[in-house]
Novice: 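Got a structure for you, questions after.
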Amino acid sequence: MTTPLVEMEGISKSFHGVEVLRDVGFTLYAGEVHALLGENGAGKSTLMKILSGIYRKDRGVIRIRGAIQEIDSPRRAAELGIAVIHQELDLVPTLTVAENIFLGREPRRRRRVGLDRGRMLREAREMLELLGMDLDPALPVERLSMAEQQMVEIARALLRKSEILILDEPTAALTEREIDHLFRVLRRLKQSGTGMVYISHRMEEIFRLSDRITVLRDGRVVATMRTEEATFEALIRQMVGRPLEMRYPKKSVAPGPERLVVEHLSVPGKLHDISFAVRRGEILGVAGLVGAGRSELARALFGLEPVRGGTIRLDGRPIVLRHPRDAIRAGIAFVPEDRKRQGLVLDRSVQDNVLLPTLSRLSRWGWLARGRERAEAETMIARLSIRPPDPARAVRTLSGGNQQKVVVGKWLFQTPKVLMLDEPTRGVDVGAKREMYEIMHALAREGVAILMISSDLPELLGMSDRILVLHEGRVSGRFTRSEATQEAVMIAMAGGA
Ligand SMILES: Nc1ncnc2c1ncn2[C@@H]1O[C@H](COP(=O)(O)OP(=O)(O)OP(=O)(O)O)[C@@H](O)[C@H]1O
Ligand SMILES: [Mg+2]
């Protein structure tokens, strides 16, 4: 038997008296991809934060390459060869690619003061080439896409010769093509003996990449198995604690008259001559690669981009959207992609966040408002199983996926004329995803026209009545539900005919 790279035994952890990990065991071997699976709030990130020195465990033992270690800081973890690609990337936006890769271990010039910048740029470029990235190491990181930033983080891990790599939902912001590339890189690392912990809510990825799977539920290990022995249904059952059938509960709603009609819309430098219509009760999926203009389209329809030319009609009447105020007044709602900055007030409670967009609506009930607010918050918490189910809880202390549910949830409980969702299920567990789909259907039945942007192609194919594909700011494909195959949509996404 080879000694595992990592052995975690009897790990327990509480926050403010609430136990979030109980007696957890986890092992990782060299050259292995071990997937960590579980619902939002199950404890995946917490377990990995303990391994990487961000949180201290309350109880338990950690052995690295057979020796007991106290991992009391991220620095100590790095010394032990542990690197993390976080759920929220943590590069320094204003520093260059090379500076970020070398952060904290910049090469010094011999006998001279200062950094050896030439060497940094050279080595950074080599490292990136190794990852198949043609990226200028002198660019500031804030100019990069999410996918590129992720590769910079991986380059940093490579530079440090980390043998233990933790990836916490690395593909949440990536498109299919970028995921393929990432997987090729990870397979190469695997062959060179790196052990990887892989956290993802996308089951296809788990099956494609992992050798073993551990399922966490409510902070406990439910099962550890070889991936070849796992089935989709069994995993879901273990995660959720009950069977959950059919992933995309698509229900056809007979579409009504055209609700939103966009003709020849342009946003200088971003969108060119975009035309499409969404009917009442229809879900229009918007596909495209990063940078194709999907978010810009939604932003333009919410008055956040300067529209040049073209017309927008809502229920037959032309509208002008210069400001989000105009959009809200017209009955257009928008769940943006960057929710940390645009959607949540982290220090306020779940209840406050849920009710932000509806406060004016509720205040009409005067003294009744307080009780009603709490009731609405509780309804959402129950339907999306937000955990812990406490309306007074500060959003900052929720797990990544539960924060996500709060933002999307607050918009789902309104009935606008048009609802635009940008990556609504990113980082959300299967149970809550399904619940979000059901709510979208309910809204569609009420006549809401829904525009859904998603990088999760199976989801887009599963949920949309029609799909609009963008490539470099132009429409590169239109598909009805029956025409839309994964392959056809991907070709259009790449700009092909
Ligand atoms: N700093 C903290 N203070 C209080 N509670 C916390 C803190 N960090 C995590 N928790 C709680 O610990 C539990 C596990 O959270 P964790 O982030 O590990 O979940 P997760 O499995 O990574 O979920 P997700 O899939 O949503 O990312 C959650 O109930 C969360 O609210
Ligand atoms: Mg997490």
Novice: At what distance, to the nearest 0.5 angstrom, does CD of Q351 lie from CE of M380?
Specialist: 10.5 Å
Novice: State the CG-CD1 distance between L470 and I274, to the nearest 0.5 angstrom.
Specialist: 5.0 Å
Novice: Looking only at heavy atoms, what is the nearest atom pair of V489 and A287, with distance?
Specialist: CG1-CB, 4.0 Å
Novice: Give a yes or no on whether the backbone of P268 and the side-chain of S266 come within a donor-acceptor separation of less than 3.5 Å.
Specialist: no
Novice: Testing the 3.5 Å rule here: is there a donor-acceptor pair between the side chains of E459 and S454?
Specialist: yes
Novice: Within the structure provided, determine whether V335 and P424 are in side-chain contact (heavy-atom separation under 4.5 Å).
Specialist: no
Novice: Is the closest basic N to carboxylate O distance between D180 and R208 below 4.0 Å?
Specialist: yes
Novice: To check you understand the geometry: which heavy-atom pair defines the closest contact between S45 and D168, and what is its length?
Specialist: OG-OD2, 2.7 Å
Novice: At what distance, to the nearest 0.5 angstrom, does CD1 of I206 lie from CZ of F232?
Specialist: 11.0 Å
Novice: Would you find a donor on one side and an acceptor on the other, under 3.5 Å apart, between the side chain of T397 and the backbone of A394?
Specialist: yes
Novice: Decide yes or no on side-chain contact (heavy atoms from CB on, under 4.5 Å) for E204 and I179, but give the supporting numbers first.
Specialist: CA-CA 12 Å; E204 306 88 37; I179 293 172; over 6 Å; no
Novice: Identify whether the distance between the nearest side-chain nitrogen and carboxylate oxygen of R474 and D273 falls below 4.0 Å.
Specialist: no
Novice: Side chains of L167 and I199: closer than 4.5 Å at any heavy-atom pair?
Specialist: no
Novice: Taking G473's backbone N and O only, do any of them form a donor-acceptor pair with H272's side chain (distance below 3.5 Å, no angle check)?
Specialist: no
Novice: Are L36 and Y198 close enough that some pair of their side-chain heavy atoms sits under 4.5 Å apart?
Specialist: no
Novice: Under 3.5 Å, is there a donor-acceptor pair between the side chain of T194 and the main chain of L189?
Specialist: yes
Novice: How long is the gap from OG1 on T96 to CZ on F102, to the nearest 0.5 Å?
Specialist: 10.0 Å
Novice: Return yes when atom CZ of R187 has more than 12 non-hydrogen atoms of other residues, nucleotides or ligands closer than 6.0 Å, and no otherwise.
Specialist: yes
Novice: Could you state the interatomic distance from CD1 (I166) to CD1 (I85), rounded to the nearest 0.5 Å?
Specialist: 9.5 Å
Novice: Is R383 salt-bridged to E435, cutoff N-O under 4.0 Å?
Specialist: yes
Novice: Is R117 salt-bridged to E99, cutoff N-O under 4.0 Å?
Specialist: yes
Novice: Do E296 and V267 have side-chain heavy atoms sitting under 4.5 Å apart?
Specialist: no
Novice: If only atom types and distance count, is the side chain of E39 paired as donor or acceptor with the main-chain N or O of V430 below 3.5 Å?
Specialist: no
Novice: State, with a plain yes or no, whether a side-chain heavy atom of L321 is found less than 4.5 Å away from one of I332.
Specialist: yes
Novice: Determine, step by step, whether T171 and E205 satisfy the side chain to side chain donor-acceptor pair (under 3.5 Å) criterion, reporting the C-alpha distance in whole Å, the side-chain angles of both residues, the deciding distance to 0.1 Å, and the verdict.
Specialist: CA-CA 9 Å; T171 59; E205 296 179 358; 2.7 Å; yes
Novice: Considering only heavy atoms from C-beta outward, does the side chain of Q403 approach that of L346 to under 4.5 Å?
Specialist: yes
Novice: For a quick test of reading the model, state the closest non-hydrogen atom pair linking A327 to L301 and the distance between them.
Specialist: CB-O, 4.0 Å
Novice: Counting only N and O atoms by type, is there a donor-acceptor contact under 3.5 Å from the side chain of T485 to the main-chain atoms of A488?
Specialist: yes
Novice: Ion pair present between E169 and K44, side-chain N to carboxylate O less than 4.0 angstrom?
Specialist: no
Novice: For the backbone of H323 and the side chain of D326, can you confirm whether one donor and one acceptor N or O come within less than 3.5 Å of each other?
Specialist: yes
Novice: Let me see the working for L419 and L443 under side-chain contact (heavy atoms from CB on, under 4.5 Å), right down to the final yes or no.
Specialist: CA-CA 9 Å; L419 175 62; L443 291 174; 3.8 Å; yes
Novice: Hey, can you tell me if F302 and F334 have their rings parallel, tilted or perpendicular (30° and 60° cut-offs)?
Specialist: tilted
Novice: Is there side-chain contact between E305 and L271, with at least one heavy-atom pair below 4.5 Å?
Specialist: no
Novice: More than 12 heavy atoms of other residues, nucleotides or ligands under 6.0 Å from CZ of R75: is that the case?
Specialist: no
Novice: Ignoring hydrogens and angles, tell me if any N or O in the side chain of T425 forms a donor-acceptor pair with the backbone of K433 under 3.5 Å.
Specialist: no
Novice: Does the pair M151 and H181 meet the rule for a side-chain contact (heavy atoms from CB on, under 4.5 Å), with working shown?
Specialist: CA-CA 10 Å; M151 284 298 158; H181 181 243; 3.5 Å; yes
Novice: Can you name the nearest heavy-atom pair linking P324 to G303, along with the distance?
Specialist: CD-O, 3.7 Å
Novice: Got a salt bridge between R125 and E129, using NZ or NE/NH1/NH2 to carboxylate O under 4.0 Å?
Specialist: no
Novice: Should we say atom CZ of R143 is surrounded by more than 12 heavy atoms from elsewhere, each under 6.0 Å from it?
Specialist: no
Novice: Donor-acceptor check, side chain of K49 to backbone of I54, threshold 3.5 angstrom: yes or no?
Specialist: no
Novice: Counting only pairs under 3.5 Å, give me each side-chain donor-acceptor contact of residues 279-286, with atom names and distances, residues two or more places apart or in other chains.
Specialist:
from : atom 1 : to   : atom 2 : distance (Å)
R279 : NH1    : G256 : O      : 3.1
E282 : OE1    : R279 : N      : 2.9
E282 : OE1    : R466 : NH2    : 3.0
E282 : OE2    : R466 : NE     : 3.0

Novice: Determine, stepwise, if the pair R393 / S349 fulfils side-chain contact (heavy atoms from CB on, under 4.5 Å).
Specialist: CA-CA 5 Å; R393 185 73 174 228; S349 68; over 6 Å; no
Novice: When rounded to the nearest 0.5 angstrom, what is the spacing between CG in D347 and CG in D352?
Specialist: 11.5 Å
Novice: E423 side chain to S455 main-chain N or O, any donor-acceptor pair under 3.5 Å?
Specialist: yes
Novice: Tell me, with the steps shown, if S162 and R156 meet side chain to side chain donor-acceptor pair (under 3.5 Å).
Specialist: CA-CA 9 Å; S162 310; R156 182 161 70 180; over 6 Å; no
Novice: Between the side chains of S399 and R387, is a donor N or O closer than 3.5 angstrom to an acceptor N or O?
Specialist: no
Novice: Hey, is R434 close enough to E438 for a salt bridge, meaning N to O under 4.0 Å?
Specialist: yes
Novice: Any heavy-atom pair between the side chains of V320 and R322 that's under 4.5 Å?
Specialist: yes
Novice: Test salt bridge (charged side-chain N to carboxylate O under 4.0 Å, His left out) on R299 and D422; report intermediate values, then the result.
Specialist: CA-CA 10 Å; R299 288 171 50 80; D422 197 353; over 6 Å; no
